[in-house]
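Structure first, then comments.
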Amino acid sequence: VQLVESGGGLVQAGGSLRLSCAASGFTFSISAMAWYRQAPGKQRDMVAAITSDGTNYADSVKVRFTISRDNAKNTIYLQMNSLKPEDTAVYYCSRPVGTINYWGQGTQVTVSS
């Protein structure tokens, strides 16, 4: 399993970013996928997930963030709009399998006020 995130960076509050995660090494099209984030000194929390049943989001990002996938490209995306300073974190792509999570290396998102 390999997950490679991209698209992070520095953005002003109110701005937008789109994160991408290129996946390989497993049958992507039937796999649940998720985005997590971890701010300094805090635990890693789920931001958004996409499964065969649909999508779900953390309350803190509902309406502002959208998770999507392109099975032809083995890629998931996280469109982040109306970014806030509290969204600053390292964002990780994840493939959850039962009680195990496979992780990417993470991409830094910094939102300035």
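Residue numbers count from 1 along this sequence. For clarity, every value in this text was computed on a predicted model and none was experimentally measured.
- Proximity of Ile76 to Cys93: side-chain heavy atoms (C-beta onward) are separated by under 4.5 Å at one or more points.
- Considering only heavy atoms from C-beta on, Ile50 stays 4.5 Å or farther from Trp35 through its side chain.
- Of the possible polar contacts, none joining the Tyr91 side chain to the Val47 backbone as a donor-acceptor pair under 3.5 Å is found.
- Leu3 places a side-chain heavy atom less than 4.5 Å from the side chain of Phe26.
- The cluster map of Ile, Leu, Val, Met, Phe, Trp and Tyr, joined by side-chain heavy atoms under 4.5 Å apart, puts Val61 and Val11 in the same cluster.
- Put simply, the side chain of Ser113 does not reach to within 4.5 Å of the side chain of Glu86, judged on heavy atoms.
- In this structure, Thr107 contributes its side chain and Gly8 its backbone to a donor-acceptor pair below 3.5 Å.
- Connection of Val90 to Met46 is established within a shared hydrophobic cluster, with ILVMFWY side chains joined at heavy-atom distances below 4.5 Å, either directly or through further cluster members.
- Ring geometry for Tyr92 against Trp103 counts as perpendicular: the plane angle is over 60°, on a 0 to 90° scale with 30° as the lower cut.
- Put simply, the side chain of Glu5 gets close to the backbone of Gly106: a donor and an acceptor are under 3.5 Å apart.
- Note: Thr55 OG1 to Arg69 CZ = 11.5 Å, rounded to the nearest 0.5 Å.
- No side-chain heavy atom of Ile67 sits less than 4.5 Å from a side-chain heavy atom of Met33.
- For the pair Arg95 and Phe28, the cation does not sit on the ring face, since its NZ or CZ is not both under 6.0 Å from the ring centre and inside 45° of the axis.
- Between Leu10 and Val109 the shortest side-chain heavy-atom distance does not fall below 4.5 Å.
- Between Asp87 and Lys84, none of the side-chain N atoms (NZ, or NE/NH1/NH2) sits under 4.0 Å from a carboxylate O, so this pair counts as no salt bridge.
- Taken from OG in Ser82 to CZ in Arg64, the straight-line distance is 7.0 Å, to the nearest 0.5 Å.
- In this structure, CZ on Phe65 lies 5.5 Å from CE on Met80, to the nearest 0.5 angstrom.
- Taking CD of Gln38 as the start and CG of Asp45 as the end, the distance is 8.5 Å to the nearest 0.5 Å.
- The two residues Ala89 and Ala39 have their closest heavy-atom pair at CB-N, 3.8 Å.
- A cation-pi arrangement is present between Arg18 and Tyr77 under the rule of less than 6.0 angstrom and at most 45 degrees off the ring axis.
- Annotation: side chain of Tyr57 is not in contact with side chain of Asp59 (no heavy-atom distance under 4.5 Å).
- Between the OG1 atom in Thr88 and the CG atom in Leu83 there is a gap of 8.5 Å [rounded to 0.5 Å].
- Between the side chains of Thr75 and Asp70, no donor-acceptor pair is found at a separation under 3.5 Å.
- Atom OG of Ser16 is separated from atom CD of Gln79 by 5.5 Å, given to the nearest 0.5 angstrom.
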